[in-house]
Trainee: 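Have a look at this one before I ask anything.
Hydrogens, waters and symmetry mates play no part in the numbers below; they use all other heavy atoms, side chains included.
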Amino acid sequence: SWFYKKRPYNVSSNLYFLFMKDYTLKYILFFLLLFAGSPFAQAVKFQNLTVSDGLSHSRVNCIGQDKNGFIWVGTRNGLNIYDGIRFKHLFADLLNEQKLPGNRILNFAFDGDSVWVATSYGLCKMDIKTKQCKRYDLGDCKYIISLCLDKSDDLLWVGTSNGLVK
């Protein structure tokens, strides 16, 4: 018939069909695995919190959760504590040693009932209940970039603009 012409044996055409079967099987397995897990997947819901919701600044540098469930947010203008409804703001007071040393909060690390707070003007350890700080003098290393709390050795590693302090 003019519609069906018997083709001669060709190695490349046989390889083509072998690969097509392989790709088809891969696609079938991929879609089966993709849709098989969907009934068990949980929907993730996001909520955008902005300055109009009470955040002290739109630039967020760090986020963490204390042992009581409060969300702590470090911004360019203070430390914000979110209770699920509203923000409480904590700001620096250079004259008061029991307040934050700077408003630009760059990082923090929770340590039991305390939180180590890294600012652009120094380091402090704050009691999470009373919100009172104890400032630590690191000499010329005032601009604190990062913190790492090593609980096994009871050490605080402090990354500064002048190097590493422990």
Trainee: Does either side chain, that of Asn80 or that of Trp72, offer a donor lying less than 3.5 Å from an acceptor on the other one?
Mentor: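 Side chains of Asn80 and Trp72: no pair found under 3.5 Å.
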Trainee: What is the distance from atom CG of Leu106 to atom OG1 of Thr160, rounded to the nearest 0.5 Å?
Mentor: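 Reported to 0.5 Å precision, the distance equals 11.5 Å.
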Trainee: More than 12 non-hydrogen atoms from neighbouring residues, nucleotides or ligands closer than 6.0 Å to OH on Tyr82, yes or no?
Mentor: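 Check passes, neighbour count above 12.
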Trainee: Check whether more than 12 heavy atoms from other residues, nucleotides or ligands sit under 6.0 Å from atom NZ of Lys142, and answer yes or no.
Mentor: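 Count over threshold, so yes.
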Trainee: Quick check for you: to the nearest 0.5 Å, what is the distance between Met126 atom CE and Gln132 atom CD?
Mentor: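 Those atoms lie 9.5 Å apart.
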Trainee: Going by heavy atoms in the side chains, are Pro101 and Leu94 under 4.5 Å from each other?
Mentor: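 No, every pair of side-chain atoms sits at 4.5 Å or beyond.
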Trainee: How long is the straight-line distance from CG of Leu55 back to NE2 of His89, given to the nearest 0.5 Å?
Mentor: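 His89 atom NE2 to Leu55 atom CG measures 6.5 Å (nearest 0.5 Å).
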Trainee: Rounded at 0.5 Å granularity, tell me how far OG1 in Thr119 sits from CD1 in Ile105.
Mentor: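 So the gap between those two atoms works out to 6.0 Å.
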Trainee: Under a 3.5 Å distance rule, please check whether His57 uses its side chain to pair with a backbone N or O of Val51 as donor and acceptor.
Mentor: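 Looks like no, no N/O pair under 3.5 Å.
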Trainee: Would you confirm whether Asp153, through its side chain, and Leu155, through its main-chain N or O, come within 3.5 Å as a donor-acceptor pair?
Mentor: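 Absent.
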Trainee: For Arg135 and Asn96, work out which heavy atoms get closest and say how close.
Mentor: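 Looking at all heavy atoms of both residues, the shortest contact is NH2-O, 2.8 Å.
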Trainee: Drop me the distance from Asn68's CG to Ile81's CD1, to the nearest 0.5 angstrom.
Mentor: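 If we round to the nearest 0.5 Å, Asn68:CG and Ile81:CD1 are 10.5 Å apart.
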Trainee: Please check if atom CG in Asp140 has more than 12 non-hydrogen atoms from other residues, nucleotides or ligands closer than 6.0 Å.
Mentor: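 No, the 6.0 Å shell around CG holds no more than 12 heavy atoms from other groups.
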Trainee: Tell me whether Tyr136 is reachable from Leu156 by hopping between hydrophobic residues (I, L, V, M, F, W, Y) whose side-chain heavy atoms are closer than 4.5 Å.
Mentor: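 The answer is yes; both residues are in one hydrophobic cluster.
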Trainee: Measure the spacing between CD1 of Ile144 and CZ of Arg104 and express it to the nearest 0.5 Å.
Mentor: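 One gets 14.0 Å once the value is rounded to the nearest 0.5 Å.
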Trainee: Does a side-chain heavy-atom distance below 4.5 Å link Leu90 with Lys88?
Mentor: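 Sidechains of Lys88 and Leu90: in contact.
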Trainee: Ring centroids only, cut at 6.0 angstrom: are Phe110 and Trp116 within range, meaning strictly under it?
Mentor: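 So the answer is no for these two rings.
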Trainee: With the side chain counted from C-beta on, respond yes when Leu49 and Phe87 share a heavy-atom pair under 4.5 Å apart, and no when they do not.
Mentor: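 In short, these two side chains touch, coming nearer than 4.5 Å.
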Trainee: Is the side chain of Asp93 donor-acceptor paired with the backbone N or O of Leu95 at a distance under 3.5 Å, no angle test?
Mentor: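 Answer holds: yes.
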Trainee: Exactly one of Asn77, Asn103, Thr75 should register a side chain to side chain donor-acceptor pair (under 3.5 Å) with Ser56. Which one does?
Mentor: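 Result for side chain to side chain donor-acceptor pair (under 3.5 Å) with Ser56: Thr75.
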Trainee: Could you check whether any side-chain N or O of Asp53 sits under 3.5 Å from a backbone N or O of Thr50, counting only pairs where one atom can act as donor and the other as acceptor?
Mentor: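 Here the side-chain-to-backbone pair exists.
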